[in-house]
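One structure below.
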Protein chains: 2
Amino acid sequence: MKKKELQGVKEIARRANVAIATVDRVIHNRTGVSAKTREKINKIIAELNYQPNLLARRLASGKTISIAVLIPSVTEETDFWEAPLQGIQQAEAEIRSYGINVNLFFFELSDPNSFITQANRILDSTVDGIVLAPSFVDEAQEFTTVCQRNGIPFVFIDADIPGQQSLSYIGPPLFQSGYLAGKLSTYKLHETSKLLIVNIATSLDSFTYKQIEDGFKTYFTDHELKYPILRADIRQTDFASISNHLQQLFDANTDIDAVFVSNSRVFSVARFLDSRQSSQKPLLIGYDFVNENIHFLASGTIDFLICHQPKDQGYRSIMALYQHLVLLAPVAKEYYMPIDIVTQENQAFYRN
Amino acid sequence: MKKKELQGVKEIARRANVAIATVDRVIHNRTGVSAKTREKINKIIAELNYQPNLLARRLASGKTISIAVLIPSVTEETDFWEAPLQGIQQAEAEIRSYGINVNLFFFELSDPNSFITQANRILDSTVDGIVLAPSFVDEAQEFTTVCQRNGIPFVFIDADIPGQQSLSYIGPPLFQSGYLAGKLSTYKLHETSKLLIVNIATSLDSFTYKQIEDGFKTYFTDHELKYPILRADIRQTDFASISNHLQQLFDANTDIDAVFVSNSRVFSVARFLDSRQSSQKPLLIGYDFVNENIHFLASGTIDFLICHQPKDQGYRSIMALYQHLVLLAPVAKEYYMPIDIVTQENQAFYRN
DNA sequence: TATATTTACGGGTACGTACCCGTAAATGAG
DNA sequence: CTCATTTACGGGTACGTACCCGTAAATATA
C-alpha cells in the first residue's frame, strides 16, 4: 500500500518481477536473458514508453564516443575554415559531459596526399563517427567507402558528394546560391552591360563550381535577360597572375558592370579593381565572410558577400553525430544552410 | 599507495580531511561549517578549479527551476510570434532534463490589460526567471520594476527598454536595420524618384519605430542623397483604411519608386500595389518572414524582407536564463540578431 | 552545576543507469 | 553417471552530487 511508484528500469524490473540487471541486459541487447523474459521486458518497455535518463546514463557509463574531424587547416591565404572549427569546438564543449571526444585531423587544400595521410590515421584509430570536408572528391570517396564497410557513420560538411551513404550533408544549396548571385548582379546593369564570372582555384573541375555557375546563368535564362556573360578561369592563385588575367579581360571589354567570383577569393578581384583607376567600378559579388573580404566590404569595393554560416555548419555536423550516436535519433540526410546576403550595412551584426 | 585519485567533492573532502557533506555545505553556502573549515575548503576548490558535474547535480537534486514566458499570442492577423514560440519550445526540450519548467503566458497586442493580467499571474506564482516582450512600454516597466525588487532575472525579447536592469536583451539592432533598408531602397531609384516610409500600427509612438525610421533617413543623409522621403502614418490597420490612405498618397505623387514599411504589415502595402494597375511597380521593402509576406515575396511584389531570426530569439532568451540560473555563468547584456536580407531567390532556405 | 539549545560534522541513502562478479540451474561432453 | 561449460539471473557497487538525520561537542540559560 505504501509502495512508491518507481521510475525507469526499477519500475520495469518490478513489473517483470526480475532484477534491474536483467532489464539492463535487455535494454542493451546483451546475452544472458531467456527469450521469454526478454519478450516480457520489451513489452513493458513499450507500454511505459521507457525513455532512458540521459544524465544518469552518462554518469554511470564509462564508455566514451570518439568523433574524428577531417577538414582543411586554417592558412594564411584563407581563414575560411576557422569558423567551422569554432562551431566544432562549441559543440564539443556542449556535449563533452556526454562522454564525447572530438579529435581534429587537418589537411592542406594544396595537397591531396595530406588528406590521404590523415584519413589513414583516422582509420588506424578507434573512431565512432567522422565529420569530413570532401575537398578532394576521389580521395574522399575512397575513404568513405572504407567507412561504410566498417559501419562508421560520416557527415559531409560544406560540400556534398551525391550517391554516398553519408549520415548527413550540412552545407549550402549551391545552385540556388549562384542563382541569387545572378539576381544581385542585376542591380547596376545598363542596357549595354556585360557580366563576368571569375573562377579562381588550382582545381576547377569540381561539382561545386559547376553548380554555382549553372545557378548564376540560369537566373538570366529564366528571366530572359540577354546580357553577355564572360568567364575567367584562373588557376594560378597568386595576385600577379589574377591581376594580369583580369587586366587583359577588362582591356578587351568595356562595360563590364558586374563581376561574380565563385568562391572566397573575391578579395583578389577587389584588390585588382581598387588598383585600377577607373571612374566606374563594377558591382562585385563573392563568397565568404573572411577577413580580407570583410575589409573590402567595409570599404565598399565588394557589394555583396554570400555566406553560408560556416560556424553553424561545424556545430551542426558534430551535433548530427551526437544525435545519431547518443540520442539514437534520426538525422536529416541533408541540412541546407541559409543563403545569407551580407552588405556593408549589415556586416557588423553578421554571425558567421 | 593504491589510492586512486578521486574527483570532485570526494577529492576536496579527502584533501580537507572532512566529509563530503561538509564540502557540499560549503559549495552551497549553507550553515553548519566553521569559518576555518569553510576557508580551507574554499581554498582547495579554487586550487582544483572545481567544476560541478552538471549531470550528477541534476540527477541528485530534486529542485526545479521555473521560467515564465510573457509574449503576444499568435493571432490570425499576424503569425510573427509563432517562430519565437517554437524557439522557446526547442530550448525547453533541450534543457528539461536539467530540471527546468517553462510556463507560457500570452497577452493580446490589442489590449494592454491582458499584459497586466498575465504579468500579475506570473508574480503570483513561484518563478525563477522571466522572458518578456515589452510591447507595452509603461506596463512592462512597472512589471520589471517589481521583478527587480524581488530579485527575479528577466530577459527582453525582440524589443528593448533601455535603462532597465534586464539580464539580457535579445533582438534586432533597429537603427542599423533601418539604415540597411535605406541602402536597399536605392536599387531602383532614378533621378526624379521619391521614397515613401509607411508606418502601420495602432500605436506609433514607440521607441522601435523611431529607431528604424531614423536609421532609414540617416542612410540618405550619410550619402548625401537628396531624394524626397514621404511618410505615411496609418493607425487604422484594416486593409480598406490602408488602401485609401495609400491611394491618396500615390495620386498626389508620381515617381514613388521605393516603399519602405517599418514592420511586418508590408503585406497590406503589397496587396494595395498589386491591386493598382500600374506599369511601374515601386521597389517594396518590409519586415518579417510571416506567411502573408512570404506569399508576396514569392510572387515578386515584395523585393526584400528584413528578418531577425525570431525563432532563434526565442531559443536564446530561454538559454540565457539557463546559463544564468543553472550554469551560473555570465550572460551578455545585449545579443543583437543578424540583419537578414530575404529575397525571392533565397527565401526557400531561410531559417526564420 | 545541570539542563537545554545550537553548531559542527559525518554516515548513509537517494537520484537512474551501467556493469562486474557470484550463484544456481541447465546443458553438453566424456 | 560425473564433471565441465554455458546460460540465466540478481546483489552489489559505481558514477558525482544533494540532502536527511543522527551524534558529539560547544555554548547558552536557569
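Convention: sequence-line order gives letters A, B, ...; per-chain numbering from 1. We use all heavy atoms of the structure for the numbers below, so side chains are in, but hydrogens, waters and symmetry mates are not. All figures in this text were calculated on a predicted structure; none of them were measured in a lab.
One interatomic measurement links the two molecules: CG of L48(A) to C1' of dG16(C), which rounds to 15 Å at whole-angstrom precision. Note: CD1 (I27(B)) to P (dC19(D)) measures 12 Å, nearest angstrom. Straight-line distance from the CD atom of Q51(B) to the P atom of dT17(D): 11 Å, rounded to whole Å. At whole-Å resolution of the value, CZ in R58(B) and P in dT17(D) are 14 Å apart. The nearest whole Å value for the distance from the CG atom in L54(B) to the C1' atom in dA18(D) is 14 Å. Separating the CZ atom of R14(B) from the P atom of dG16(D) is a distance of 15 Å, rounded to the nearest angstrom. For N29(B) and dA18(D), the CG to C1' distance is 16 Å, given to the nearest whole Å.
Axis deviation across the helix from dT1(C)-dA30(D) to dG30(C)-dC1(D) amounts to 40°, comparing end segments of five pairs, rounded to 10 degrees.
Contact of the F80(A) side chain with the E82(A) side chain is not registered, since no non-hydrogen atoms from C-beta on lie closer than 4.5 Å. Side-chain contact between P72(B) and S135(B): present, with at least one pair of heavy atoms (C-beta onward) separated by less than 4.5 Å.
A close approach under 4.0 Å does not occur between any side-chain nitrogen or oxygen of K36(B) and OP1 or OP2 of dA8(C). For the OP1/OP2 pair of dA18(D) and a distance below 4.0 Å, the side-chain nitrogens and oxygens of R57(B) include at least one atom meeting the criterion. Here R30(A) reaches the OP1 or OP2 of dC19(C): one of its side-chain N or O atoms lies under 4.0 Å away. Distances shorter than 4.0 Å separate some side-chain N or O of H28(A) from OP1 or OP2 on dA18(C). Side-chain N/O atoms of Y50(B) include one lying less than 4.0 angstrom from OP1 or OP2 on dT17(D).
Between S61(A) and L59(B), the residue anchored closer to the 5' end of DNA chain C is L59(B), taking for each the nucleotide with the nearest heavy atom.
The minimum heavy-atom distance between R58(B) and S97(B), with the atom names listed, is CB-O, 3.9 Å. What you find for I27(A) and Y50(A) is that their closest heavy atoms are CD1-CE2, 3.6 Å. Counting all heavy atoms, side chain and backbone alike, F106(A) lies closest to S73(A) at CB-CB, 3.8 Å.
Atoms CD1 and CZ, on I71(A) and F105(A) in that order, are 12.0 Å from each other to the nearest 0.5 Å.
Contacts of D24(B) with the nucleic acid, taken as non-hydrogen atoms under 4.0 Å apart, include base atoms. Among the heavy atoms of the strands, none lies under 4.0 Å from K63(B).
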Run the numbers on Y169(B) and D158(B) for side-chain contact (heavy atoms from CB on, under 4.5 Å), then give the verdict. CA-CA 8 Å; Y169(B) 161 62; D158(B) 196 54; 5.9 Å; no
Between protein and nucleic acid, restricted to nucleotides 9-14 of chain C and to nitrogen or oxygen atoms under 3.5 Å apart, what atom pairs and distances do you find?
{"unit_1": "dC9(C)", "atom_1": "OP1", "unit_2": "T37(B)", "atom_2": "OG1", "d": "2.9"}
{"unit_1": "dC9(C)", "atom_1": "OP2", "unit_2": "S34(B)", "atom_2": "N", "d": "3.1"}
{"unit_1": "dC9(C)", "atom_1": "OP2", "unit_2": "T37(B)", "atom_2": "OG1", "d": "3.4"}
{"unit_1": "dG10(C)", "atom_1": "OP2", "unit_2": "A19(B)", "atom_2": "N", "d": "2.5"}
{"unit_1": "dG10(C)", "atom_1": "OP2", "unit_2": "T22(B)", "atom_2": "OG1", "d": "3.0"}
{"unit_1": "dG10(C)", "atom_1": "N7", "unit_2": "R25(B)", "atom_2": "NH2", "d": "3.0"}
{"unit_1": "dG10(C)", "atom_1": "O6", "unit_2": "R25(B)", "atom_2": "NH1", "d": "3.3"}

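Evaluation of the salt bridge (Lys or Arg N to Asp or Glu O under 4.0 Å) test over residues 23-40 of chain B, restricted to residues two or more places apart or in two chains, returns D24(B)-R30(B).
In this structure, F154(A) has its ring center closer than 6.0 angstrom to the ring center of F156(A).
E94(B) and Y315(B) share a donor-acceptor pair across their side chains, judged by distance under 3.5 Å alone.
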